[in-house]
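In what follows, a single structure is set out as structure tokens and then discussed.
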Amino acid sequence: MATEVTMPKLSDTMTEGKLISWKKSVGEKVERGDIIAEVETDKANMELEAFTSGILLETRIKPGEMAPVGTVIAVIGAVGESATAPPPVSVAPKTAPPSEPPPTWQPPVEPSPETIEAGEVPERIIATPEVEVAEEKPSVAAAAGEKASPLVRRLAREKGIDLARVQGSGPNGRILQEDLDRYEARDAGSEAREEAERPPASPVVGGMQPLSRMRAAIARTVAESWRTAPHFYVTVEIDMGEAERVRQELKESASPVSVNDMIIKACALTLEKFPRANASFAGDRMELHNDINIGVAVALEDGLIVPVIRGCQSLTLKEIALQSRQLVEKGRAGRITETEIGGGTFTVSNMGMYGIDEFAAVIMPSQAAILAVGAVADRPVIRNGHLVAARVLRATLSSDHRLLDGVYAAQFLRELKKVLENPVTMLV
Amino acid sequence: MVIRDLGIIDFQDAWALQERLAAGVAAGTEPETLLLLEHPSVYTIGSGGSEANILDPDVTPVRINRGGDVTWHGPGQLVGYPIVSLDRRRRDLHCYLRFLEELLMAVAADFRVEAWRIPGRTGIWTEQGKLASIGVGVRRWVTMHGFALNVVPDLAPFARINPCGMAGCPVTSLAEEAGGNVPLEEVKARVAARFAGLLEERLTRQENDN
């Protein structure tokens, strides 16, 4: 049985690695424990050991090439055995501009683990089990066994209702006309849902489109997060009047910062006090991160990337603004590097510029929470018993319930609100 | 944690010692060790480094099993080779690199020099340039190689290469930053004083049977 050798995960923040060299050549004998390759991530190299003995049948990447964590990079098998042929390369259009060196494409032997563009999935993604839609069609005989009057049977036939699925409320479970009505009313909703979930029986010509690599990466990322992290949401209203004044002052002194920069800075200050919102859930423990690396979701034409501002705990508002601007520009231009989108410990997603009041976001895998930020808008508030207009923003924290609870999220938001409503604390 | 001061030692000799200790640490027969030393002038290059970063054809670097590109070591530069088991601490190379950076930043701060990280450019930096380089090799989750902190070296040898593979990368030293002489022995003492505690804090050793 051939054994696949995958790009190892050498750090929680590693998304891909560079193959430095093969220490064995194809066709060469490999003993368990032998060093077969050298792999680099950041400024550290790891000598990769074989976990099985056999013959190195195939290497799938060349020295100097990058591969996402979890990608099969080599195959070890018995003499005479051949490596499974890689499936044909999909023709998904590349979303990144051609100026960027193309990432190594690896044939998806597993559910394809490459995550180059979205970049925030450090884990190998496990295929979700096929959901059996066990819509057993009752047999004709069974249907005939239902107790119902000929009138009800006729109505059911006309409405296309399967009597076997209708709960009868009459004597001995006899199905009455009102049972049909009830069934119809209740079922209308769920059938519509089923329709939506089921792919159309035959594809509409011209309506199918292969997933771009970015689309596929996003699909895997969010599905993974949604499947593993139980999300809950807490929303707070923040008076941004003072923050906007500070922003105006900074602008006049030629230090432009955006509302989003202030939110990032405020999150960094808040996360220092709420370490669980800056943690990763790791099965039997939670990993609290020393660094506060805040990702900023940036919308692209078909998808998004999340450049990460690292070490936010030691950055000034001005430095955050500068880095954020550079990263967002690079992201939009498709010039972002792998390190610039990896290692996030928290994310801010801002849809304020799209006029959205409030929304909830999906947590990035391995992170504890994400802050969804709406627009700053004029809203009526009561202050000292008077109705006044205030510049209000709504922020919703999506949290992983495995790591933190409702009150913790509420306290986090209270602190965030305090910082943004007293923005001077962000300037010191 | 054993800390050994090797004084000035030839690169190859120190490498051989590292290899021996790394095998011992992996086998559990040697304690985790930090080697502190200076090398006579030598150029080294990581396994994935590019020869194109050597500007002077007379420079022949030693190619070694670490990450990163070409660099120079020589008198006045404090080199640290931690041989530690990440298997018994935490299997996370990035975390280990960030620990080395934090250690070096703290030591620089001991001499009133503010240095920082630049994301994506491992090492520590000041306005003047790179103050310390980092390049690590790991076998069976035991670390080798490590860091080189410029204390009072002659920085001219860096001009013959693109340090760490970055063209025009400026290099600085603690002495230049502090604006005066910084005794290497004092820096060595600060590294020795801080190393074990910070390592334990950032990459806590897991208790096991032995």
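Naming: A, B, ... by sequence-line order, numbering from 1 per chain. Note that these values count all heavy atoms, side chains included, but never hydrogens, waters or copies made by symmetry.
Contacts of A:Glu340 with chain B are absent, with no heavy-atom separation under 4.5 Å from either backbone or side chain. For B:Trp116, no part lies under 4.5 angstrom from a heavy atom of chain A. Looking at B:Arg90, only its side chain comes within 4.5 Å of chain A, counting heavy atoms on both sides. Heavy-atom distances place the side chain of A:Asp291, and not its backbone, under 4.5 Å from chain B.
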Step-by-step side-chain contact (heavy atoms from CB on, under 4.5 Å) determination, A:Asn290 to B:Arg98:
CA-CA 10 Å; A:Asn290 298 326; B:Arg98 302 290 89 80; over 6 Å; no
What's the verdict on side-chain contact (heavy atoms from CB on, under 4.5 Å) for A:Asp12 and B:His94, showing C-alpha distance, side-chain angles and the deciding distance?
CA-CA 8 Å; A:Asp12 283 345; B:His94 292 179; over 6 Å; no
Verify side-chain contact (heavy atoms from CB on, under 4.5 Å) between B:Asn65 and A:Glu47, making sure each step is shown before the conclusion.
CA-CA 9 Å; B:Asn65 56 336; A:Glu47 292 176 345; 3.7 Å; yes
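Around CZ of A:Arg32, the count of heavy atoms belonging to other residues, nucleotides or ligands within 6.0 Å does not exceed 12. Shown here is A:Lys318, whose NZ atom has no more than 12 heavy atoms of other residues, nucleotides or ligands within 6.0 Å. In B:Arg89, the CZ atom is crowded: over 12 heavy atoms of neighbouring residues, nucleotides or ligands sit closer than 6.0 Å.
Checked against ring-ring contact (aromatic ring centres under 6.0 Å, His included), B:Phe158 has the following partners two or more places apart in sequence or in another chain: B:Trp72. In terms of the side-chain contact (heavy atoms from CB on, under 4.5 Å) criterion, residue partners of B:Thr33 (sequence neighbours excluded) are, by chain and number, B:Val2, B:Arg4, B:Leu21, B:Pro31, B:Leu35. Partners of B:Glu176 according to the salt bridge (Lys or Arg N to Asp or Glu O under 4.0 Å) rule, which considers only residues two or more places apart in sequence or in another chain, do not exist here.
Contacts between residues 308-315 of chain A and chain B, defined by a heavy-atom separation under 4.5 Å, are made by A:Arg310.
Under the 3.5 Å distance criterion, the side-chain polar atoms of A:Glu40 are matched with a main-chain donor or acceptor of B:Gly68.
Each of B:Arg121, B:Arg139, B:Glu102, B:Arg117 has some count of heavy-atom pairs under 4.5 Å with chain A, and the biggest count is that of B:Arg139. Between chain A and the options B:Pro119, B:Gly46, B:Ser47, B:Gly120, heavy-atom pairs under 4.5 Å are most frequent for B:Ser47.
Listed here is the closest heavy atom pair of B:Cys95 and A:Ser11: N-OG, 4.4 Å. Here the closest heavy-atom approach between residue B:Ile134 and residue A:Lys43 is recorded as O-CB, 3.6 Å. Contact record, B:Leu93 with A:Thr41: CD1-CG2, 3.9 Å, taken as the closest heavy-atom pair. Nearest heavy-atom pair, A:Glu38 versus B:Arg66, reported as atom, atom and distance to 0.1 Å: OE2-N, 4.2 Å. The minimum heavy-atom distance linking A:Asn45 with B:Gly67 is given by the pair OD1-CA, 2.9 Å.
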